[in-house]
Amino acid sequence: MYDIEQIHRPHRTARWSATALGFTGAVALGFASAVTRADEIDGATRAHAQKVAVTVCGTCHGATGNSSQPKFPRLAGQKASYLAAQLKAFRAQSRGDPDAIGYMWGMASELDDSTIEALAAYYSAQNAEPSSGGNSPLVSPGKQIYEQGIAGEGVPACSSCHGPDAHGLTDFPRLAGQHSQYVLKQLASFQSSMRNVAVMHGVAQNLRAAEMQAIAAYLEAQP
Ligand code: HEC
Ligand code: HEC
């Protein structure tokens, strides 16, 4: 076993307006309080996690997390704290749309904390390969929403949390290169609260289907 070092970050000064979104900033970010650095994971745990990643998870997510099938999210280059939080949410059965239940609850039920941290470190260290998206006419309107939000509809700029290049910021997941079909489904799940996360429910609640499609096309096209 290894010690989980608590890294206490100063509270992030929000560039987005929490009040405008109707929630308080700290919500949904509890996962960021404890992060294990890759170099703190012992060799045996790391080797075990890599084997699980390649032989088990790789069937769907690809050996390096660059899945080619749109149903299976890309994990390569994703933020480690986000990956670990999602695996714990599947294990706790709190991330609950039908695909999460059908595919991931069983997968995560057998994972202990140290394997979860090592799997998260494994995927976050992989290079995100460029996706096949990019030529859709939706990319340009999607970019506008991503960077500026939709003022009249209370939709905030996605870039303020997910980063200008969509590579994620410490506490917020990477979205660049993600399969558009997967992103679309997550936005719909946040909107309906089937995936029950207050912060993203606030963001997605007023998005229309066509706007979600544009954002998803833009994100898939990003390197
Ligand atoms: C049989 C296919 C399958 C296998 C095997 C599988 N997954 Fe998944 N995984 C999925 C699907 C489908 C989703 C998307 C669930 C959803 O839509 O909510 C997912 C989602 C995830 C997510 C959330 C990604 C995000 O961007 O939020 C993580 C993390 C993850 N899987 C890790 C793993 C790990 C680690 C393993 C191996 C222990 C694994 N998966 C094995 C199908 C699979
Ligand atoms: C206030 C900060 C904030 C803003 C603004 C924001 N997000 Fe998020 N987003 C989050 C957080 C936090 C998560 C992780 C939720 C969780 O823990 O499950 C997330 C998760 C997501 C996910 C799921 C990623 C995955 O791999 O499953 C998608 C897709 C997403 N956001 C899209 C968007 C889009 C599109 C916008 C702009 C319209 C946006 N977000 C604006 C904070 C934000």
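Just follow the structure's listing: the first ligand is 1, and inside any ligand the first atom is 1. Heads up: numbering here begins at 1 and tracks the sequence.
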Practice problem: Give a yes or no on whether the backbone of A128 and the side-chain of R74 come within a donor-acceptor separation of less than 3.5 Å. | Solution: no
Quiz prompt | Side chain H61, main chain P73, donor-acceptor under 3.5 Å | solution = yes
Quiz item: Quick one: does Y82 get an N or O within less than 3.5 Å of an N or O on ligand 1?
Solution: yes
Exercise. Measure from atom 16 (C) of ligand 2 to every heavy atom in Q186, E147, Q86, M200 and give the option owning the shortest one.
Key: Q86
Quiz item: Heavy-atom distance under 4.5 Å between the side chains of P156 and V203, does that happen here?
Solution: yes
Self-check item: Side chain, backbone, both or neither: I145 near ligand 2, heavy atoms under 4.0 Å
Solution: neither
Quiz item: Which of the atoms of ligand 2 are close to I215, meaning less than 4.0 Å from one of its heavy atoms?
Solution: 35 (C)
Quiz item: At their closest point, which heavy atom of M212 faces which heavy atom of Q191, and how far apart are they?
Solution: CE-OE1, 3.5 Å
Quiz item: So, the side chain of R46 versus the backbone of A121: is there a donor-acceptor pair under 3.5 Å, distance only?
Solution: no
Quiz item: In terms of atom number and element, which parts of ligand 1 are under 4.0 angstrom from non-hydrogen atoms of L87?
Solution: 32 (C), 35 (C)
Exercise. List every atom of ligand 1 that sits less than 4.0 Å from any heavy atom of L83, numbering the atoms from 1 in the order shown and giving each element.
Key: 29 (C)
Self-check item: Selection from Y218, F190, F172 by shortest heavy-atom distance to atom 23 (C) of ligand 2
Solution: F190
Quiz prompt | Atoms in ligand 2 with a heavy atom of R195 nearer than 4.0 Å | solution = 16 (C), 18 (O), 23 (C), 25 (C), 27 (O)
Practice problem: For Q186 and Q178, run side-chain contact (heavy atoms from CB on, under 4.5 Å): C-alpha distance rounded to whole Å, both residues' side-chain angles, the deciding distance at 0.1 Å, then the answer. | Solution: CA-CA 11 Å; Q186 299 313 308; Q178 189 55 277; over 6 Å; no
Quiz item: Short N/O distance, under 3.5 Å, between Y182 and ligand 1?
Solution: yes
Quiz item: Quick one: angle M104 SD - atom 8 (Fe) of ligand 1 - H61 NE2, to the nearest 10°?
Solution: 170°
Practice problem: On the 0 to 90° scale, with breaks at 30° and 60°, tag the Y218-Y146 ring pair as parallel, tilted or perpendicular. | Solution: tilted
Quiz item: Under 3.5 Å, is there a donor-acceptor pair between the side chain of E110 and the main chain of G106?
Solution: no
Self-check item: Numbered atoms of ligand 1 (with element) below 4.0 Å of V56, judged on heavy atoms
Solution: 5 (C)
Exercise. Could you tell me which atoms of ligand 1, counted from 1 in the order shown, lie closer than 4.0 angstrom to a heavy atom of C57?
Key: 34 (C), 35 (C), 36 (C), 37 (C), 38 (C), 39 (C), 41 (C)
Quiz prompt | Per-atom contacts of ligand 1 with C60, taking only distances under 4.0 Å to non-hydrogen atoms | solution = 1 (C), 2 (C), 3 (C), 4 (C), 5 (C), 43 (C)
Exercise. Determine, for D99 against R195, whether the closest basic-nitrogen to carboxylate-oxygen distance falls under 4.0 angstrom.
Key: no
Quiz item: Backbone or side chain, does any N or O of K185 fall under 3.5 Å from an N or O of ligand 1?
Solution: yes
Quiz item: How far is atom 24 (C) of ligand 1 from its nearest protein heavy atom, and which residue and atom is that?
Solution: L75 CD2, 3.6 Å
Quiz item: Quick one: does ligand 2 sit under 4.0 Å from the side chain of P173, the backbone, both or neither, non-hydrogen atoms only?
Solution: side chain
Exercise. Examine R95 against ligand 1 and note whether any of their N/O atoms are separated by less than 3.5 Å.
Key: yes
Quiz item: With distance as the sole test, does E211 use its side chain to make a donor-acceptor pair with the main-chain N or O of R208 at under 3.5 Å?
Solution: yes
Exercise. May I ask whether A157 places a heavy atom under 4.0 Å from ligand 2?
Key: yes
Quiz item: Is the distance from atom 8 (Fe) of ligand 2 to some N, O or S atom of H162 under 2.8 Å?
Solution: yes
Quiz item: What atoms in ligand 1 come closer than 4.0 Å to a heavy atom of M107?
Solution: 5 (C), 6 (C), 41 (C)
Quiz item: Are T59 and ligand 1 in contact, using a heavy-atom cut-off of under 4.0 Å?
Solution: no
Practice problem: Would you check the N or O atoms of R174, main chain and side chain alike, for any that come under 3.5 Å of an N or O of ligand 2? | Solution: no
Practice problem: Rounded to the nearest 0.5 Å, what's the gap from CD1 on I101 to CZ on F90? Could you check? | Solution: 10.5 Å
Quiz item: What's the shortest heavy-atom distance between K88 and E117, and which atoms?
Solution: NZ-OE2, 3.0 Å
Exercise. Work out whether the distance between some heavy atom of A85 and some atom of ligand 2 is less than 4.0 Å.
Key: no
Quiz item: Which ligand 1 atoms does K71 reach within 4.0 Å, using its non-hydrogen atoms?
Solution: 12 (C)
Quiz item: Judging by distance only, is a nitrogen or oxygen of Q78 under 3.5 angstrom from one on ligand 2?
Solution: no
Practice problem: May I ask you to decide if G177's main-chain N or O and Q222's side chain share a donor-acceptor pair within less than 3.5 Å? | Solution: no
Quiz item: Hey, is the main chain of F72 close enough, under 3.5 Å, to the side chain of S67 for a donor-acceptor pair?
Solution: yes
Quiz item: Please state which protein non-hydrogen atom is closest to atom 13 (C) of ligand 1 and give its distance, to 0.1 Å?
Solution: P73 CD, 3.5 Å
Quiz item: Applying a strict 4.0 Å limit to heavy atoms, is M212 in contact with ligand 2?
Solution: no
Practice problem: List the atom of A49, the atom of L119, and the distance in Å for their closest heavy-atom pair. | Solution: O-CD2, 3.4 Å
Exercise. Do me a favour and list the nearest non-hydrogen protein atom to atom 22 (C) of ligand 1 with residue, atom name and distance?
Key: F90 CE1, 3.5 Å
Quiz prompt | Matching residue for Q86 among R91, R95, Q78 - test: side chain to side chain contact (heavy atoms under 4.5 Å, CB included) | solution = R95
Quiz item: Can you list the ligand 2 atoms lying under 4.0 Å from a non-hydrogen atom of V203?
Solution: 4 (C), 5 (C), 6 (C), 36 (C), 37 (C), 38 (C), 39 (C), 41 (C)
Practice problem: Identify the heavy atoms of A80 and A120 that sit nearest to each other, and give their distance. | Solution: O-CB, 3.4 Å
